[in-house]
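Just so you know, these numbers use all the heavy atoms, side chains as well, and skip hydrogens, waters and symmetry mates. Chain letters run A, B, ... following the sequence lines, proteins first and then strands; every chain starts at 1. Only a predicted model underlies this, so the values are computations on that prediction, with no experimental measurement involved.
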2 protein chains.
Amino acid sequence: MVAELDLSDAEVDRIFRALADATRRDIVERVLTGEQSVSALADRYDMSFAAVQKHVAVLERAGLVTKQNRGRERLVRGNPDAIRRVQALLDRYERLWRARIDRLDALLAEPPHPSPSAPEQE
Amino acid sequence: MVAELDLSDAEVDRIFRALADATRRDIVERVLTGEQSVSALADRYDMSFAAVQKHVAVLERAGLVTKQNRGRERLVRGNPDAIRRVQALLDRYERLWRARIDRLDALLAEPPHPSPSAPEQE
DNA sequence: TTAACGTACAACCAAATGGTTGCAGAACTT
DNA sequence: AAGTTCTGCAACCATTTGGTTGTACGTTAA
């Protein structure tokens, strides 16, 4: 589990995997801007309806989009919460990096330290 | 190309794909905190050295980590620039979403609009 | 010099991915 | 009632992924 985010490893896997395809990222952009039916999306890409349908399913399993029934159509819309959760995860990476830099800075700022015992090196 | 980021689709693919694996995310965390040799990393996981080596190669191809030679060792370190580039991409998605919400708000705020001509629809 | 260590890479394998076509069902239209 | 539209799903296929073992080579230590 990614502690502060309440997301399992498998969920994070699915989110990143879903975003690792240009067609799917494009779909996310479109449906964040405005909901669209699956066939309206399919018209935009040079592949079969079934292929687009699969892409939408991948995004749905990752929680990046949701579907809502309207008559015979399925309206796909973006889920901004999922986006924010990924952002939070990347923020964590940046914080780790900054913490490291801070530690290095602190070391350099220290006066030449004549520690008598050998430094623990793990 | 993702305009404002100077990243090709293929590069973004590689970055997200690289992050879509728990072992690789763990490696990124470790080497953002402090550089480590490939074998030091391999000791941490319940898989062969070669498997960890492959994971590091995936991260390297994605630009998330870099390697530096030191004697017979290869020191792996995190590349915070790549992290920031992904953050920028997700920011773009969030801005799209906010722009949509703003548009919807504007519509609701409008007085009942008796437009004489049919509204342009696509 | 020999032995051990750290790495790279090839070959192999099972499973997942990303595409296809085809068929069937639900929901509109005429 | 019949036809069209939108969707879902199964079956199939080529490629990629994520793991393995084995071999080879440069570097450090005895």
Under the criterion side-chain contact (heavy atoms from CB on, under 4.5 Å), I'd like the reasoning laid out for A:Val65 against A:Arg77: C-alpha separation, chi angles, the key distance, then a yes or no. CA-CA 5 Å; A:Val65 307; A:Arg77 66 178 59 178; over 6 Å; no

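- The phosphate of D:dC6 has neither OP1 nor OP2 within less than 4.0 Å of any side-chain N or O from A:Lys67.
- One can place CE of A:Met47 at 16 Å from C1' of C:dT21, the figure rounded to the nearest angstrom.
- A:Met47 and A:Leu59 fall within the same hydrophobic cluster, where Ile, Leu, Val, Met, Phe, Trp and Tyr residues are linked whenever their side-chain heavy atoms come under 4.5 Å apart, directly or through other members.
- Annotation: of the two residues near DNA chain C, B:Lys54 and B:Asn69, the 5′-most nearest-nucleotide partner is B:Asn69.
- Of the candidates C:dG18, C:dT7, D:dT7, the closest approach to any side-chain atom of B:Ser37 belongs to C:dT7.
- No contact: A:Thr23 has no heavy atom under 4.0 Å from any strand.
- What separates CZ of A:Phe16 from P of C:dT17 is a distance of 16 Å, to the nearest Å.
- In this structure, the CD atom of B:Gln36 is 15 Å from the C1' atom of C:dG6, given to the nearest Å.
- Contact check on A:Asp21 versus A:Arg25 returns no salt bridge, with no Lys/Arg side-chain nitrogen under 4.0 Å from an Asp/Glu carboxylate oxygen.
- Considering only side-chain atoms of B:His55, the nucleotide from D:dG19, C:dT20, D:dT7 that sits closest is D:dG19.
- Contact check on A:Arg98 versus A:Asp102 returns no salt bridge, with no Lys/Arg side-chain nitrogen under 4.0 Å from an Asp/Glu carboxylate oxygen.
- In the hydrophobic clustering of this structure, B:Val52 does not group with B:Val58; members are Ile, Leu, Val, Met, Phe, Trp, Tyr whose side-chain heavy atoms approach within less than 4.5 Å, directly or through other members.
- Put simply, CG on B:Asp13 is 15 Å from P on C:dT17, counting in whole angstrom units.
- Atom pair A:Asp9:CG and D:dG18:C1' shows a separation of 16 Å (rounding to whole Å applied).
- With C:dA8, D:dT20, C:dG18 as the candidates, the nucleotide lying closest to the side chain of B:Arg74 is C:dA8.
- Residues A:Ile83 and A:Asn79 form no side-chain contact, since every pair of their non-hydrogen atoms from C-beta on lies 4.5 Å or further apart.
- Considering only side-chain N and O atoms, B:Ser39 lies under 4.0 angstrom from the phosphate OP1 or OP2 of C:dT7.
- Between the CD atom of B:Gln68 and the P atom of C:dT7 there is a distance of 13 Å, given to the nearest Å.
- Sequence order on DNA chain D of the closest nucleotides to B:Arg24 and A:Gln53 puts A:Gln53 first from the 5' end.
- For C:dT20, the OP1/OP2 oxygens have a side-chain nitrogen or oxygen of A:Ser48 closer than 4.0 Å.
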Sugar-phosphate atoms are those with a prime plus P, OP1 and OP2; base atoms are the rest. Using that split, label each nucleotide of nucleotides 22-30 of chain C B, S or - for protein heavy atoms under 4.0 Å, 5' to 3'. -----BB--

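- If you take CD of B:Glu60 and C1' of C:dA8, they are 12 Å apart, rounded to a whole angstrom.
- As a whole-Å value, the separation of B:Phe49 CZ from C:dT7 P is 5 Å.
- Contact check on A:Arg92 versus B:Glu29 returns a salt bridge, with a Lys/Arg side-chain nitrogen under 4.0 Å from an Asp/Glu carboxylate oxygen.
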